[in-house]
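Lettering of chains follows the sequences in order, A, B, ..., and the numbering in each one begins at 1.
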2 protein chains.
Amino acid sequence: MRFTTSTSIEYPTGTPSRPSHLRQSNARTLLRLLRENSPCSKADLVRLSGLSAPTVSSAVTYLESLNLVENLGDGESSGGRPPEMLRFNATHGYVAGVDIGGTRLRMVLADLNGRIVTQWATQFTEKQRTPKAVCGLIHDGLKMMCQDASTSLKKVLHITVGAPGVTNVNSGVVLSAPNLRDWNDVPLRSMIEREIGTEATVENDTNLAAVGEQWRGSASGIENFIFIALGTGVGAGIFLRGHLHHGANWSAGEIGYSAVHGQPRRTIEVHQTGQMERSIGGLGIEAEWQKLLARERRSTPELAKLRATEIFDLAVDGDRLAIQVVNSTSQILTDCIVEMSLVLDPEVVILGGGVGSHPELCRGTEKLLAHNEFARPQVRSSSLGTQAQLHGAIFLSLTATEARLLA
Amino acid sequence: MRFTTSTSIEYPTGTPSRPSHLRQSNARTLLRLLRENSPCSKADLVRLSGLSAPTVSSAVTYLESLNLVENLGDGESSGGRPPEMLRFNATHGYVAGVDIGGTRLRMVLADLNGRIVTQWATQFTEKQRTPKAVCGLIHDGLKMMCQDASTSLKKVLHITVGAPGVTNVNSGVVLSAPNLRDWNDVPLRSMIEREIGTEATVENDTNLAAVGEQWRGSASGIENFIFIALGTGVGAGIFLRGHLHHGANWSAGEIGYSAVHGQPRRTIEVHQTGQMERSIGGLGIEAEWQKLLARERRSTPELAKLRATEIFDLAVDGDRLAIQVVNSTSQILTDCIVEMSLVLDPEVVILGGGVGSHPELCRGTEKLLAHNEFARPQVRSSSLGTQAQLHGAIFLSLTATEARLLA
DNA sequence: CTAAATTTGTTAATAAACTTTACAAAGTTT
DNA sequence: AAACTTTGTAAAGTTTATTAACAAATTTAG
């Protein structure tokens, strides 16, 4: 260090602005405007951006040279020389989304407008659930989808993978995934990047579902909401001030371990199913149903093996015991929502997952929440259903790609 | 709308980058570097910023013309021409912080480095607690402080006011403040701005305390933490990903209404003290203490009127009943922290407020949390104590001012 | 004690990016 | 067919940055 007079300065820290930054910044602005307003003319871009015509012209030439913009030829005149219509070239590249489920692998391929162009899925065999095998399957699926979309693997710019477990998004490591045996500290991102040669993001699947619902689902445009996934497992995706919230140890939203009102207090242990999950997870709901059946001596093999959603369906038909199950589930869920709302004050709570998206549960929860004067967010069912994760994955891939299109 | 060929485009949306933006951006960068590294020379700024020497020279001249930077004269040579030392002119302006408490008004004045130069406080009389009277008191206090600091009211660039209630920070309206009679939908910001003629920010006092602890207290440098204020009231400041979280209706952190494990479920009503507050607020702790005293026939007038912190002090001395009070309070607090941690996964929880900052409570809570395998944030006592709000207010004022110094 | 080296800072020349002005191109309206 | 409107480009001028050259002031070395 050459510095001597002052105490101690570390070099360098600044981010100098140079004339070339203007070009970059304006190119980015124009590309964004083009993506939001395709097709449009240069004159439109002049009006939209506030830049001068020569600048727009030069930037568009630059974007065309990168193959990011295509010229569609003359448009309709509005009283003068007809405009040359421009369009963002959505097939300049593609992005992929992957959902690693407990029993199957699902994938989608989308263009740079986020339009899904093809999809692929496969059931796991037991052996295929190792991290290494999953990477191979993803590679296979990607190749199949590229073929189907008549494109090449090289044009896939980013791939986002949803894993059913606690995930360090920065490092791309799946820290733990209870439903996937031996998935602990799996460096999934680097494995995929090495296997496929494409930049990757790894996220928790429930977080992806939340992003999906925010992008083009029930939480569209909402800045503060909680996505609650009720299925075999119970978890939440926390979306605050327009962004996912992960927490200090990537475990935000692990509400399966939350306490249930009226049940004894417990300590939190990783390898034990949480109290909330045991109560309102799919298995918990079915257990409650069986208990009630037994108590009322109505148990038959057929009734006893009903799944949670089927029990809810019975409630819609007016079955007294099933209604009781819906009510107790709704009550526990409501307590959970109230506690979260007091802390976070979300605008909306989205109920998703195989069990959670059942409309009867939404209705029951809404009714109970209405008793409160506040801590009373809107409750909505997931509108993307099982596709939410995949849409969220596409969104994150698009976001990651955006910065790289003009880098 | 002149646009006809495409479906519909609204003008204008862009943010064009022009050469003058470079100057602005670089001036801002250099000012920031100067604030972080005062005193330093132009040559240092060249190295820190990565900009060329002529650019730095020209920008510094500009900053000097605005009186934002002062030249201290020659520094010590390090083997060549001695550098001209530059310093950010922290007395170019001042910022103020205000805390509206239940019984008193406290204010501080700080320079643009955030150094507190003077303070002022007054007890409220009953009549002085109306919004209008409070604005007058703030005006008086500000004038006193300016006199004390030998500066003028015109040099006060921003004032941040903490109010003990739910506050809409965008509009500057205090929506409700249970401890201040008739404070409902008070447009405090515009009232202060009109009275004093200075740009103002209004925030919830607990949120300000959280900001203060993050800036120069127990949460220094922590991106995700929860500040829990335990006093007569119970509330939390939620600090996530480096920013305060307010929620959709400005009521995030209202955990005084949270349910207490083992107590019957209740609906949430605004004008009724919350369950959590009734249990571990100062009054709740004192009631519990009196109950235990009565049960053990130890009640004396002297013991019965002890305040919560004094009861905790007795526990430190080994008093069995007092220890019991600490334990039950810690247990309820721990349950609350665990539930929040499952949702938010904070790195740290700061205990503050008159009751909460008692070290015995921190110790008890830490011990109980240690039983968990996760949902186990660090627990720390507030290090700024009753000053936390004021420091937070100064920080927010500085942040608001920063953008305006070069506008 | 003087000359060389070092560090700081300014001036002059050059480059990049934007804007304004002028104008060409290609329609519609009168 | 002439006038008007809209789109788009070319040329000239402005702003801001950089590099290169140099001046100023001190330390170091012979």
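- Comparing C:dG9, C:dT20, D:dT9 by their closest approach to the side chain of B:P83 singles out C:dG9.
- Looking at the side chain of A:E84, the nearest of the listed nucleotides C:dG27, D:dG8, C:dG9 is D:dG8.
- The nearest heavy atom of DNA chain D to B:P82 and to A:P16 marks one nucleotide each, and the one closer to the 5' end goes with A:P16.
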- Message: Does A:R35 form a salt bridge (charged side-chain N to carboxylate O under 4.0 Å, His left out) with A:E402? I'd like the steps, not just the answer.
- Response: CA-CA 11 Å; A:R35 293 181 75 165; A:E402 222 139 299; 3.4 Å; yes
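- Listed nucleotides D:dA25, C:dC18, D:dA17 differ in distance to B:T55; the shortest reach to its side chain belongs to D:dA17.
- Pairing for C:dT30 goes to D:dA1, judged as Watson-Crick or G-U wobble with the two contacts each under 3.5 Å.
- Residue side chain B:R81 reaches the base of C:dT8 through a donor-acceptor N/O pair under 3.5 Å, judged by distance alone.
- Between A:G80 and A:R18, the residue anchored closer to the 5' end of DNA chain D is A:G80, taking for each the nucleotide with the nearest heavy atom.
- In this structure, of C:dT7, C:dT20, C:dA17, it is C:dT7 that holds the atom nearest to the side chain of B:S78.
- A salt bridge does not link B:R189 to B:E199: none of the charged nitrogens lies less than 4.0 Å from a carboxylate oxygen.
- For B:P54, whose side chain is taken as the heavy atoms from C-beta onward, the closest listed nucleotide among C:dA12, D:dT7, C:dG9 is C:dA12.
- Considering only the side chain of A:A43, D:dG8 comes nearest among C:dG9, D:dA17, D:dG8.
- Checking C:dT10, C:dC18, C:dG27 against every side-chain atom of B:S57, the shortest atom distance belongs to C:dT10.
- Under a 4.0 Å N-O distance rule, the pair A:E223/A:R241 does not qualify as a salt bridge.
- Look at B:R47 and you won't find any side-chain N or O under 4.0 angstrom from OP1 or OP2 of C:dG9.
- Annotation for B:A96 and B:L109: closest pair CB-CD1, 4.2 Å, computed over non-hydrogen atoms.
- For A:L51, taking side-chain heavy atoms from C-beta onward, the closest of the listed nucleotides D:dG8, C:dT19, D:dT26 is C:dT19.
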